[in-house]
4 protein chains.
Amino acid sequence: MLIDYQDGRPIYEQIVENYKRLILKGALEPAEQMPSVRQLATMLSTNPNTVQRAYMELERQGYLYSVKGKGSFVRREEGQRERIREEIRDRIREELGRARELRIDTEALLAELAEEERDARQKGGKG
Amino acid sequence: MLIDYQDGRPIYEQIVENYKRLILKGALEPAEQMPSVRQLATMLSTNPNTVQRAYMELERQGYLYSVKGKGSFVRREEGQRERIREEIRDRIREELGRARELRIDTEALLAELAEEERDARQKGGKG
Amino acid sequence: MLIDYQDGRPIYEQIVENYKRLILKGALEPAEQMPSVRQLATMLSTNPNTVQRAYMELERQGYLYSVKGKGSFVRREEGQRERIREEIRDRIREELGRARELRIDTEALLAELAEEERDARQKGGKG
Amino acid sequence: MLIDYQDGRPIYEQIVENYKRLILKGALEPAEQMPSVRQLATMLSTNPNTVQRAYMELERQGYLYSVKGKGSFVRREEGQRERIREEIRDRIREELGRARELRIDTEALLAELAEEERDARQKGGKG
DNA sequence: GTGGTCTAGACCACT
DNA sequence: GTGGTCTAGACCACG
């Protein structure tokens with residue numbers, strides 16, 4: 001995992017995003033132990049407090065749980081993928097709302113995107 | 001135009017967003033004069049610096065041009081709507097990318113959204 | 001407001017609790033400006049970071065909103081009192097659950113408490 | 001007995017809670033010998049230190065007594081159930097105090113809870 | 001060893 | 001001035 005110090009977003013937020021992605025992709029097993037706060041801080045050459053804050057946020061959002069004295073662990077719940085799907089759909093709906101305000105043909109826009117997806121799937125499917 | 005202090009986003013950013021929207025919707029005519037920095041600052045009971053910053057950003061993004069000693073004016077170019085359409089499409093592509101990473105069926109997702117749009121159009125079209 | 005350094009609970013949590021109480025009681029008006037992070041830190045002779053953390057938590061829980069460069073403000077929503085009522089009821093239900101496990105007569109317990117409340121109201125109502 | 005690592009509460013505290021509950025329910029006889037520290041640590045696949053700490057706490061609270069060289073034993077006194085009843089009543093009083101501060105009608109609240117209890121008893125009583 | 005809290009002091013973005 | 005992020009280093013509770 002890499003932190004982009006040029007990125008405007010705070011470091012702790014980048015850590016959160018990265019781990020959310022990894023957990024949701026299934027790259028990390030449920031109940032798998034996370035690197036310790038100090039360990040990850042060293043790996044990213046950042047401050048333990050920053051990592052701590054990221055872990056706190058991941059715990060609050062339900063991606064992790066921590067046990068004092070033992071470590072932090074992945075909590076992959078069922079239904080999490082569905083929740084994310086809804087979030088993504090909501091964000092796309094927002095974009096479509098903006099488009100509609102400008103009298104852009106949203107159905108045509110979606111059709112173009114659907115075509116892209118279909119093409120990508122056919123090419124990627126054989127790769 | 002109203003500023004939502006509870007929004008969390010900085011005020012200057014809200015001003016930028018609001019004017020971008022107004023200009024793109026055509027609510028403001030090309031070459032129309034914008035309120036002066038001090039005027040708008042008073043209207044929004046905010047700081048002139050904040051408005052100044054918003055105008056700078058709008059100018060940088062090509063929505064305004066300013067003439068020293070005269071004021072700021074709307075620059076409505078042709079092709080602007082198309083540029084926005086591309087921006088929106090890119091942001092949706094990003095969301096779809098995230099979905100694909102989680103092995104969510106993006107084509108099904110787009111189909112659902114397209115259906116929503118169609119339904120909304122049919123209902124709204126008669127309203 | 002006072003911090004109890006003997007209390008086992010962390011300082012930031014005590015700040016959160018105190019302000020939640022004040023806001024819910026109506027002792028702080030909606031949209032009223034909170035003391036600045038640095039100011040409150042000085043008042044409580046604690047570290048600005050600790051206050052910052054408390055404010056962050058209060059914002060996350062919907063009691064506050066912060067505007068960079070301006071300050072933090074009380075956000076008293078409607079329906080908040082009802083939400084709290086539910087929380088309290090849930091915590092009492094938990095206690096009753098524990099009592100039931102020990103075969104304690106919960107209805108008698110509640111009756112005693114109701115009588116206490118009635119007595120207190122009659123005495124307090126005339127004071 | 002099971003430890004819930006996702007619970008958040010420290011392990012030793014969960015052990016204390018669990019044994020308090022078992023003893024009060026009468027599931028453990030007075031003077032019954034507790035599993036040895038090492039034994040229970042193995043059973044819960046946790047650290048003997050953790051179990052030791054839980055036993056210390058249970059002893060401090062008067063639920064156990066230990067005999068050097070022999071082991072730990074359950075101390076089920078008379079009057080213990082009454083003590084617990086008082087503890088529960090005090091905790092509910094605290095909750096009612098919080099409710100009163102917000103001008104919530106505590107008598108109505110208690111009435112609702114009493115009704116719930118009555119309903120649960122009638123349904124459960126026949127099950 | 002682990003996570004959780006706190007201090008002291010810095011820099012940044014925003015008003 | 002304000003809030004937000006980060007560093008460096010400390011101490012505590014827990015296992």
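Lettering follows sequence order; numbering is per chain, from 1. Heavy-atom basis, side chains included; hydrogens, waters and symmetry copies ignored.
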Legend entry - Shortest side-chain distance from C:Thr46, nucleotide among F:dG3, E:dC6, E:dT7: E:dT7
Inset, instruction - Report yes if a side-chain nitrogen or oxygen of A:Thr50 is closer than 4.0 Å to either non-bridging phosphate oxygen (OP1 or OP2) of F:dT7; otherwise report no. - result: yes
Legend entry - Derivation and outcome, side chain to side chain contact (heavy atoms under 4.5 Å, CB included), residues B:Arg91 and A:Arg91: CA-CA 9 Å; B:Arg91 281 199 293 271; A:Arg91 282 199 294 269; over 6 Å; no
Legend entry - Short side-chain N/O contact to E:dG4 OP1/OP2 from A:Gln52, under 4.0 Å: yes
Inset, instruction - Determine which bases of DNA chain E form Watson-Crick or G-U wobble pairs with both distances under 3.5 Å, and write the result as a 5' to 3' dot-bracket string with | for other-strand partners. - result: ||||||||||||||.
Legend entry - Proximity to the side chain of A:Ser72 - top-ranked nucleotide from E:dG3, F:dG4, F:dG15: E:dG3
Inset, instruction - Considering just the side-chain nitrogens and oxygens of C:Ser36, establish if one lies under 4.0 Å of OP1 or OP2 belonging to F:dG1. - result: no
Legend entry - Pairwise 5' ranking along DNA chain F for C:Ser66 and A:Pro10, keeping only the more 5' one: C:Ser66
Inset, instruction - Could you tell me whether C:Arg38 contacts a base, only the sugar-phosphate backbone, or nothing, with contacts defined as non-hydrogen atoms closer than 4.0 Å? - result: base
Legend entry - Under-4.0 Å side-chain N/O to phosphate OP1/OP2 contact, A:Tyr12 with F:dT5: yes
Legend entry - Nearest-nucleotide pick for A:Lys68, side chain only, options being F:dC6, F:dG15, F:dA13: F:dA13
Inset, instruction - Test the A:Arg53-A:Tyr12 pair against the cation-pi criterion, namely NZ or CZ under 6.0 angstrom from the six-membered ring centroid and within 45° of the ring axis. - result: yes
